[in-house]
Amino acid sequence: MRVALEGAGYEVRCALEGSEALAMLNGSAADLVITDIFMPGQEGFETISRCKAEFPQTRIIVMSAGTVPGMKHDFLATAGLLGVGATLRKPFSADQLLDAVQEVLR
C-alpha cells in the first residue's frame with residue numbers, strides 16, 4: 001500500500017495499530033486515515049470512533065477481509081454504517097486503493 005500511495009504522490013505515515021496512529025495525528029494532522037478492522041492493540045472500530053471524534057476533518061478508509069471464519073457478520077458493512085469514506089475488501093488491487101483514496105479526498 002505504501003509503495004502504491006507514494007508512487008501516486010501521496011505522503012504516507014504508517015502505524016502498527018490504532019492508538020499509535022491517533023498519537024501521530026495529535027502531532028501532525030492528516031487528510032486521510034486508512035485502517036484495518038482487525039489489528040493488535042487498539043482495533044479498527046475504536047480507532048474509527050476516536051478518529052471521528054478527535055479529528056473530524058480527517059477522512060477514513062477501512063479495509064478488511066470483512067468476515068471472521070465461523071461468523072456470518074460482515075464487519076465492513078458495520079464500518080460503512082459508522083460514516084467512513086470508503087471500505088475496501090481484502091484482497092484489493094493497487095488501482096482499487098488509489099481509486100478509493102482519490103474518491104474520498106475529493
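Treat the numbers as computed from the prediction; the structure is a model and nothing was measured.
- Every residue meeting the side-chain contact (heavy atoms from CB on, under 4.5 Å) condition with Thr47, not counting sequence neighbours, appears here in chain and number order: Thr35, Met39, Gln42.
- With rounding to the nearest 0.5 angstrom, the SG atom of Cys14 is 8.0 Å from the CE atom of Met1.
- Separating the CD1 atom in Ile61 from the CD1 atom in Ile34 is a distance of 4.5 Å, to the nearest 0.5 Å.
- Within 6.0 Å of CG in Leu81 there are more than 12 heavy atoms belonging to other residues, nucleotides or ligands.
- In terms of heavy-atom proximity, Ala30 sits nearest to Thr58 at O-OG1, 2.9 Å.
- Formation of a donor-acceptor pair under 3.5 Å by the Arg89 side chain with backbone atoms of Met63 is not found in this model.
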Solution key, residues 96-106 side-chain donor-acceptor pairs under 3.5 Å, sequence neighbours excluded:
from, atom 1, to, atom 2, distance (Å)
Gln96, OE1, Ser93, N, 2.7
Gln96, OE1, Ser93, OG, 3.3
Glu103, OE1, Arg106, NH2, 3.4

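- Counting all heavy atoms, side chain and backbone alike, Ala4 lies closest to Ala94 at CB-CB, 3.9 Å.
- The hydrophobic clustering, which links ILVMFWY residues whose side-chain heavy atoms are closer than 4.5 Å, places Ile37 and Leu82 together.
- Atom CD of Gln57 is surrounded by more than 12 heavy atoms from other residues, nucleotides or ligands within 6.0 Å.
- Looking at residues two or more places apart in sequence or on another chain, you find no salt bridge (Lys or Arg N to Asp or Glu O under 4.0 Å) involving Glu17.
- For the salt bridge (Lys or Arg N to Asp or Glu O under 4.0 Å) condition, the pairs that include at least one residue of residues 31-51, sequence neighbours left out, are Asp36-Lys90, Arg50-Glu54.
- Here Ser49 pairs with nothing under the side-chain hydrogen bond (donor to acceptor under 3.5 Å, both in side chains) rule; sequence neighbours left out.
- A distance of 6.0 Å separates CZ in Phe55 from CG in Leu22, rounded to the nearest 0.5 Å.
- Closest of all the heavy-atom pairs between Ala79 and Val84 is O-CG2, 3.6 Å.
- One distance of note links CZ of Arg59 with NZ of Lys52; it measures 11.0 Å at 0.5 Å rounding.
- Summarising the geometry, atom CG belonging to Leu76 is positioned 5.0 Å from atom OG1 belonging to Thr87; distances are rounded to the nearest 0.5 Å.
- Looking at Pro40 and Leu16, their side chains never come closer than 4.5 Å, going by heavy atoms from C-beta outward.
- Atom CZ of Phe75 and atom CZ of Phe38 lie 4.0 Å apart (nearest 0.5 Å).
- Criterion: ILVMFWY side-chain heavy atoms under 4.5 Å apart, direct or through other members. Under it, Leu32 and Val62 are not part of a common hydrophobic cluster.
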